[in-house]
Amino acid sequence: MTEQTSPAYAGPARVLSGVKPTGDLHLGNYLGALVKFTRMQHEAETFIFVADLHAITEWQEPAKLTAQTREIAAAYLAAGLDPKIATIFPQSAVTEHAELAWIFNCVARVGWLDRMTQFKDKSGKNKEKASVGLYTYPVLQAADILLYKATHVPVGDDQKQHVELTRDIAAKFNHDFDAPGYFPLPEPIHQGVGARIMSLRDASEKMSKSNPSDAARINLTDDADAVAQKIRKAKTDALPLPETPDELKDRPEAQNLIGIYAALDGRTAAEVLTEFAGQGFGAFKPKLADLAVAKLGPVTEAMRGFMADPAEIDRILAAGAERAREVAAPTLRQVKKLVGFWGD
Ligand code: TYM
């Protein structure tokens, strides 16, 4: 892990991240986030939550929200998060998140939020009808991170801007309340081949839960046939694969599929191209499908196993929430004192 950059911060390294329970998890979530969570749990104290407070910034069917919260927890476990090592919990079960978010709403500036691209993308032309929560979403995200004084935040590329905003909020809080180094300035861990997986139908868009076309993404719940079929039908071009990643620059579909192969196999794009240079997609796609099925099949199966025992998932989430509160509550108490609220 890289050194965190708040010179006055003297606390331990901590990892924190989360995923919204808003639909099927896809390959982008898996490679951009879950794989990194699993690796990083061995590098520092790790907090991984289900971002249900963030989920309701857009309408969620209540019963579905509960089921999907368990499903995300099952995916965490299936991807290899170990509840004995990492703290896994539902965000809404630790009410300190919402309370700190309010205080940060009063630290963050409207101008900062106006620059957030996710709000622009999600609210689209209908900004007036978007929830206020969707607008202040990144402030809640800053609260998630700083409540645990997290120093490293594993995320996909699309979340980098939110972690940068978190740094701005941390720095302004430390300055305004004369508490140098109180909050660390967290680092987004967004680099690497899996950080930006694109749609299989249109490589100018990222793979996302909200794309209306299921063929655009590989879901963690897809069976082997569905995975192979989606890869077979993925949009490509007619040229053979080149020798170097530089030559993929103007070939977004090819770049995406090579990136997926590399991320699944734990290799660089250059290494993958060394193996496939000169071959066409007719040869490459079946290899990619085999690899995807081999890597994702066991995760899908493990996820089904965990989902078959919701009581066990609930036990893990409840124990995680209790542990998370042990860290969150003292931070919020100190923050309230720094702000000058009445009380101990
Ligand atoms: P969510 O649920 O939208 O996405 C979860 C994670 O998956 C990553 N991701 C991708 N990575 C690579 N390629 C893609 N196509 C792709 N699509 C999604 C996201 O970058 C993310 O890491 N705001 C967060 C949830 C959150 C959070 C936090 C994260 C709430 N509080 C605090 C970190 C720290 C989100 O959008 O999740």
Side-chain angles (χ1 to χ4, degrees), residues 14-38 40 46-58 60 65 68-69 71-72 75-76 79 89-92 94 97-98 100-101 104 116-119 121-122 133-134 136-167 169-170 186-211 216-220 252 255-256 259-260 262-264 324:
R14 276 198 185 130
V15 171
L16 174 134
S17 198
V19 174
K20 290 193 298 277
T22 49
D24 278 342
L25 279 184
H26 54 71
L27 186 63
N29 302 130
Y30 179 69
L31 295 174
L34 269 61
V35 169
K36 283 190 230 162
F37 301 171
T38 304
M40 291 181 79
T46 296
F47 296 83
I48 303 292
F49 63 96
V50 185
D52 52 359
L53 295 177
H54 278 105
I56 64 161
T57 55
E58 295 176 287
Q60 303 299 323
L65 181 65
Q68 283 178 343
T69 297
E71 201 171 304
I72 300 288
Y76 286 162
F89 62 101
Q91 186 187 24
S92 63
V94 183
H97 288 246
L100 184 60
F104 284 172
M116 295 295 113
T117 55
Q118 182 175 291
F119 178 73
D121 293 346
K122 293 218 168 196
L134 190 65
T136 61
Y137 179 117
V139 177
L140 175 60
Q141 186 158 345
D144 300 334
I145 296 168
L146 296 175
L147 194 52
Y148 302 89
K149 299 189 178 165
T151 53
H152 296 81
V153 185
V155 279
D157 202 51
D158 60 339
Q159 293 300 308
K160 183 172 160 242
Q161 195 185 35
H162 290 168
V163 184
E164 281 162 0
L165 180 91
T166 302
R167 294 167 64 93
I169 291 176
E187 295 280 345
I189 306 296
H190 65 99
Q191 306 81 355
V193 271
R196 194 166 175 79
I197 303 294
M198 308 310 282
S199 154
L200 297 180
R201 307 301 305 162
D202 174 0
S204 70
E205 293 176 357
K206 64 174 184 159
M207 187 177 283
S208 84
K209 296 172 200 158
S210 54
N211 192 313
R217 64 184 159 261
I218 292 171
N219 303 304
L220 278 194
Q255 191 174 40
N256 189 35
I260 291 173
L264 281 170

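Numbering of ligands and ligand atoms starts at 1, following listing order. Sequential numbering from 1 along the given sequence is applied to the chain's residues. Note that this is a predicted model, so its numbers are computed, not measured.
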Handout entry: Enumerated ligand 1 atoms positioned under 4.0 Å from heavy atoms of Gly32
Key = 11 (N), 12 (C)
Exercise for the section: Out of His97, Gln118, Gln91, Gln141, indicate the one that has the non-hydrogen atom closest to atom 28 (C) of ligand 1. Expected result: Gln141
Problem - Under 3.5 Å: N/O of Lys20 near N/O of ligand 1 - result: yes
Problem - Distance-only polar pair, side chains of Asp158 and Gln118, donor-acceptor under 3.5 Å - result: no
Practice task
Give yes if a backbone or side-chain nitrogen or oxygen of Lys206 is under 3.5 Å from a nitrogen or oxygen of ligand 1, and no if not.
Solution key: no
Exercise for the section: Please state which part of Ser208 comes within less than 4.0 Å of ligand 1, counting heavy atoms only: side chain, backbone, both or neither. Expected result: neither
Exercise for the section: Assess Met198 for proximity to ligand 1: is some non-hydrogen atom of it under 4.0 Å away? Expected result: no
Practice task
Work out whether the distance between some heavy atom of Lys209 and some atom of ligand 1 is less than 4.0 Å.
Solution key: yes
Completion exercise
Nearest heavy-atom contact between Arg217 and Asn211 is NH1-O, 2.8 Å
Problem - ligand 1 atoms in contact with Leu16 (distance to a heavy atom under 4.0 Å) - result: 32 (C), 34 (C)
Exercise for the section: Work out whether the distance between some heavy atom of Pro21 and some atom of ligand 1 is less than 4.0 Å. Expected result: no
Practice task
Pull out every atom of ligand 1 sitting under 4.0 Å from any heavy atom of Gly194, numbered as shown with elements.
Solution key: 12 (C)
Completion exercise
of all protein heavy atoms, closest to atom 22 (O) of ligand 1 is Gly156 N, 3.1 Å
Exercise for the section: Using a strict cut-off of 4.0 Å, indicate which atoms of ligand 1 neighbour a heavy atom of Ser17. Expected result: 29 (C), 33 (C), 34 (C)
Completion exercise
When distances are taken from atom 20 (O) of ligand 1, the protein heavy atom at minimum range is Asp158 OD1, 2.4 Å
Practice task
Just jot down the ligand 1 atoms closer than 4.0 angstrom to any heavy atom of Ala195, in number order.
Solution key: 11 (N), 12 (C), 13 (N)
